[in-house]
Undergrad: 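Dumping the structure here so I can ask a few things about it.
Residues take their numbers from the sequence shown, with the count starting at 1. A quick note: this is a predicted structure, and the numbers were derived from the prediction, not measured. Side chains are part of it too, since the values below use all heavy atoms of this structure and drop only hydrogens, waters and symmetry mates.
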Amino acid sequence: MNMDTHALRWLQQVADGTTVTEISDLEAITQSGVSRALSRLEAEVGAPLLRRSGRTLRMTHAGAVFKPHLDAMLHHLDDGLAAVSQLIDPDTGTVALAFLPSLGGWLVPDLVRSFRAAHPGVGYRFTLGTDALDSVPLDGGRVDLEIGSRRPREDAAVHTALLIREPLRLALPRDHRLAGQPSIELAEVAGEPFIGFHSGSALRKLTDDLCEQAGFRPAVIFEGDDMSNVRGFVAAGLGIAVVPAPRAGSPESASGPVVYREICDAGAFRDILLSWSAGRRLLPAAELFRQHVIDRAAAGRLPGVQGAVER
């Protein structure tokens, strides 16, 4: 079977309401040429696909059955042509990127802004990621790249690169007894209520591990998955929390009801990682963005990062 793709597209257009005359004008081909191509297509399929109703062509029952498959086939064909187009010109591609909500206020905008300066034609499809330890990397294969804080399991077919070691801070109500100290050891707050993230999250595991290292288990009175909710409970004086350090110029860094103090304990940081599939080759636009992120991190050009990234 050797179907003419032009005929397939013309059949799709006729089914969607375009007349043979309009197709003839658009394609610079005679009306009889369009009609002959549609007839040959019907012979290939083995059933009439169109019937004449007055001056209009309408789908037969066989044509109506064939139409959804025709649409899907041409959609996949166009996707394939677009992929080849990216190979020829990466600046016409799209990058599908997942990232933690807490990184959407500083890191991801910086990376996209700097990349767009050199590749203004590249498009983006953004997805909010999660740091749940049991979640599937790369949104189950629906994104090209992921920026987050959880390391994939060893059996996951995912490559990672370390971008930043983000310091953690102890968030305290402004009137807390230790708020005047520039740095705090977690053992000093062993008996206090904690506001924490969900137990299945990477940040919660870090908090629990740091507290265990300090000789206690945190008494978590509230669990959430939203950074602003955690900070809100701290601001209300209901407890304290281990959170990523606020970035300079962010709303959290301004004077307010919550203060952030350095944690003296070893390991008080979280790794921010770039992940991509080990089993699927990235299309050129996504590969360019991946290399841009890694190069920018290695050069120490990410917000708030001094010097080269440790690897």
Side-chain angles (χ1 to χ4, degrees), residues 1-31 33-53 56-99 112 115-116 119-129 135-146 157-158 275-290:
M1 186 175 289
N2 184 23
M3 291 189 178
D4 182 352
T5 55
H6 292 295
L8 291 167
R9 292 190 188 278
W10 295 340
L11 175 63
Q12 184 185 51
Q13 291 169 21
V14 169
D16 290 338
T18 306
T19 67
V20 170
T21 301
E22 290 170 333
I23 293 173
S24 172
D25 292 340
L26 289 170
E27 300 289 342
I29 186 173
T30 64
Q31 294 183 38
V34 175
S35 297
R36 285 195 299 270
L38 292 174
S39 296
R40 286 194 298 271
L41 179 59
E42 289 179 318
E44 290 279 359
V45 173
L49 302 175
L50 298 167
R51 62 179 176 82
R52 186 166 293 280
S53 177
T56 305
L57 288 174
R58 301 190 185 280
M59 302 293 286
T60 64
H61 179 65
V65 170
F66 184 61
K67 177 64 162 52
H69 302 283
L70 172 66
D71 290 340
M73 179 178 62
L74 291 176
H75 177 74
H76 287 305
L77 174 62
D78 289 338
D79 280 352
L81 293 173
V84 173
S85 177
Q86 284 192 44
L87 289 174
I88 299 169
D89 182 6
D91 282 336
T92 63
T94 299
V95 179
L97 175 67
F99 57 87
V112 173
F115 185 72
R116 279 176 64 87
H119 305 281
V122 171
Y124 302 87
R125 180 167 57 82
F126 297 125
T127 302
L128 289 182
S135 62
V136 181
L138 301 172
D139 196 21
R142 286 181 285 273
V143 299
D144 302 314
L145 302 163
E146 180 177 331
V158 176
S275 301
W276 64 95
S277 173
R280 178 170 63 90
R281 183 177 179 180
L282 292 173
L283 286 174
E287 173 58 25
L288 282 174
F289 187 77
R290 183 192 73 86

Undergrad: Mind checking what makes salt bridge (charged side-chain N to carboxylate O under 4.0 Å, His left out) contact with R142, not counting sequence neighbours?
TA: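 R142 satisfies salt bridge (charged side-chain N to carboxylate O under 4.0 Å, His left out) with D139 only.
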Undergrad: Determine whether V122 and F289 make a side-chain contact, defined as any pair of heavy atoms from C-beta on separated by less than 4.5 Å.
TA: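 The answer is no; the side chains never approach within 4.5 Å.
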Undergrad: Show the atom names and distances, to 0.1 Å, of all donor-acceptor pairs under 3.5 Å that link a side chain in residues 6-14 to residues at least two apart or in another chain.
TA:
unit_1: R9; atom_1: NH1; unit_2: D78; atom_2: OD1; d: 3.4
unit_1: R9; atom_1: NH2; unit_2: D78; atom_2: OD1; d: 2.7
unit_1: Q12; atom_1: NE2; unit_2: D71; atom_2: OD1; d: 2.8

Undergrad: Please lay out, stage by stage, how M59 and L50 fare under the test side chain to side chain contact (heavy atoms under 4.5 Å, CB included).
TA: CA-CA 5 Å; M59 302 293 286; L50 298 167; 3.7 Å; yes
Undergrad: How would you list, by chain and number, every residue that makes a ring pair (Phe, Tyr, Trp, His ring centres under 6.0 Å) with F126, sequence neighbours excluded?
TA: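 Testing F126 for ring pair (Phe, Tyr, Trp, His ring centres under 6.0 Å), a comparison that skips the adjacent residues, returns F99, Y124.
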Undergrad: Using only atom types and a distance under 3.5 Å, with no angle test, would you say the side chain of S277 pairs donor to acceptor with the backbone of V158?
TA: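 No, because the side chain of S277 does not come within donor-acceptor range (under 3.5 Å) of the backbone of V158.
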Undergrad: Please list, chain by chain and in numerical order, all residues satisfying side chain to side chain donor-acceptor pair (under 3.5 Å) with T56, sequence neighbours excluded.
TA: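 T56: no side chain to side chain donor-acceptor pair (under 3.5 Å) contacts found.
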Undergrad: Could you work out, with side chain to side chain donor-acceptor pair (under 3.5 Å) as the rule, every residue matching S35, not counting sequence neighbours?
TA: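 Applying side chain to side chain donor-acceptor pair (under 3.5 Å) to S35 gives none.
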Undergrad: Rounded to the nearest 0.5 Å, what separates atom CD in Q31 from atom CD in E22?
TA: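 Here the rounded value is 10.5 Å.
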Undergrad: Show, in sequence, the C-alpha distance, side-chain angles and deciding distance for V34 and I29, and conclude whether the side chain to side chain contact (heavy atoms under 4.5 Å, CB included) test is met.
TA: CA-CA 7 Å; V34 175; I29 186 173; 3.5 Å; yes
Undergrad: List for me each residue that meets side chain to side chain contact (heavy atoms under 4.5 Å, CB included) alongside S53, sequence neighbours excluded, and say none if there are none.
TA: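 Per chain and number, S53 pairs via side chain to side chain contact (heavy atoms under 4.5 Å, CB included) with R51, R58.
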Undergrad: Roughly how far apart are L49 CG and L38 CG, rounded to 0.5 Å?
TA: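 Rounded to the nearest 0.5 Å, the CG-CG separation comes out at 8.5 Å.
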Undergrad: How close do P48 and T60 get, counting heavy atoms only, and between which atoms?
TA: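 The answer is O-OG1, 2.6 Å.
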Undergrad: Going through the distances and angles, do L282 and L145 end up as a side chain to side chain contact (heavy atoms under 4.5 Å, CB included)?
TA: CA-CA 9 Å; L282 292 173; L145 302 163; 4.0 Å; yes
Undergrad: Between the main-chain N or O of S275 and the side-chain N or O of E146, is there a donor-acceptor pair closer than 3.5 Å?
TA: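 Flag not set: sc E146 to bb S275 has no pair under 3.5 Å.
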Undergrad: For R280, enumerate each residue passing the salt bridge (charged side-chain N to carboxylate O under 4.0 Å, His left out) test, keeping only those at least two apart in sequence or located in another chain.
TA: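 Expected list: D144.
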Undergrad: Test of understanding: with side chain to side chain donor-acceptor pair (under 3.5 Å), list the residues that count as partners of H75, not counting sequence neighbours.
TA: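 D79.
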Undergrad: Using the side chain to side chain donor-acceptor pair (under 3.5 Å) criterion, which residues pair with T18? Sequence neighbours excluded.
TA: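 Checked T18 against side chain to side chain donor-acceptor pair (under 3.5 Å); zero matches.
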Undergrad: Partners of H119 by ring pair (Phe, Tyr, Trp, His ring centres under 6.0 Å), sequence neighbours excluded?
TA: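 Only F115 meet the ring pair (Phe, Tyr, Trp, His ring centres under 6.0 Å) criterion with H119.
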Undergrad: For E287, what residues pass the salt bridge (charged side-chain N to carboxylate O under 4.0 Å, His left out) criterion, not counting sequence neighbours?
TA: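 R290.
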